[in-house]
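One-based numbering, in listed order, for ligands and for the atoms of each. All values below come from the heavy atoms of this structure, side chains included, with hydrogens, waters and symmetry mates left out. None of the values given here were measured: they were computed from a predicted structure.
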Amino acid sequence: MEIIDKRLIFEGGSLEGKEIVSSHRVLKDLKGIFADEEAREAMDAEQLAYEVECHFPVEEGTLGGLFFGLTKLYPGKVGNEYFMTKGHFHAESERAEYYWGIKGEGVLILMDREGKTWGEKMYPGSLHYIPSHVAHRVANTGEELLSFGACWPSDAGHDYETIATEGFSARLLDVDGKPQLKSSNQ
Ligand code: M6P
Ligand code: ZN
């Protein structure tokens, strides 16, 4: 019987193979995400905020499969708010996900459907279970690239709309050089 090598390699903060799909977001793709929209507009619209490499072994929306992603989030700030991913609920809200820290440091920001927001420290080796019905985004609080892995059900989908209209109830801000979660209404 045959033993094959799919040359699908996840190692040292990179995910490679012919089936890997890469995408990225620059600052103009993150319009309306940061509190200080004026500060974001004053920055280079093409500045890279993060890259995502994914393995989609089945079609999006398939029940019973899993997707795998590696996100590389650059360090930086918009005003006093750390660079972060857009963040999303799952479109199929009753779907959970794992995130885990690989390189760099940051905070996983989580918000439930009641609008309660909390944070979990991310660092190499930290493992994070994101329950269903919980929105998730990651902020890079360090000076270097933050890489994290993700694994989620192939029928979960992304609901960005709720975050675009309502946002998270708290933001991760640099307060005197330290990351702090502050209520968005302040
Ligand atoms: C992780 C996963 C992906 C997600 C990516 C970037 O890799 O959760 O599903 O797309 O992070 O996050 P976002 O889609 O919120 O920009
Ligand atoms: Zn998700």
Value for CG (Leu108) from OG (Ser126), rounded to nearest 0.5 Å, stands at 8.5 Å
Within 4.0 Å of some non-hydrogen atom of Arg25, the atoms of ligand 1 are 14 (O), 16 (O)
_Taking Leu73's backbone N and O only, do any of them form a donor-acceptor pair with Asn140's side chain (distance below 3.5 Å, no angle check)?_
yes
Exercise. Taking the six-membered ring for Trp, are Phe34 and Phe83 parallel (under 30°), tilted (30 to 60°) or perpendicular (over 60°)?
Worked result: tilted
Q: Please work out whether the ring planes of His90 and His88 are parallel, tilted or perpendicular, with thresholds of 30° and 60°.
A: tilted
Closest heavy-atom pair, Ser169 versus Gly115, reported as atoms and distance to 0.1 Å, is OG-O, 2.6 Å
**Prompt:** Does Phe67 have a heavy atom less than 4.0 Å from any atom of ligand 1?
**Reply:** no
Ranking Leu73, Thr71, Thr85, Val138 by closest non-hydrogen atom to atom 5 (C) of ligand 1, top hit is Thr71
For atom 10 (O) of ligand 1, the closest protein heavy atom turns out to be His158 NE2, 3.3 Å
Measuring from the heavy atoms of Arg137, does anything fall under 4.0 Å of ligand 1? no
Taking the six-membered ring of Phe148 as reference, does the NZ or CZ atom of Arg137 fall below 6.0 Å from its centre and within a 45° cone about the axis? no
Heavy-atom nearest pair, Trp152 first then His158, reads NE1-CE1, 4.3 Å
Atom 16 (O) of ligand 1 sits nearest the protein heavy atom Tyr50 OH, 2.4 Å
Notebook entry, point to check: Are any of the N/O atoms in Ala150 less than 3.5 Å from those in ligand 1?
Noted result: no
Here the gap from Cys151 atom SG to His55 atom NE2, rounded to the nearest 0.5 Å, amounts to 11.0 Å
Does one side chain, of Arg113 or Ser93, offer a donor that lies under 3.5 Å from an acceptor on the other?
yes
The closest protein heavy-atom partner of atom 2 (C) of ligand 1 is Glu97 OE2, 3.3 Å
Taken to the nearest 0.5 Å, the spacing of Arg171 CZ from Asn80 CG works out to 10.0 Å
Within a strict 2.8 Å cut-off of the Zn ion (ligand 2), protein N/O/S atoms tallied 4
Ligand 1 atoms nearer than 4.0 angstrom to some heavy atom of Tyr160 are 10 (O), 13 (P), 14 (O), 15 (O)
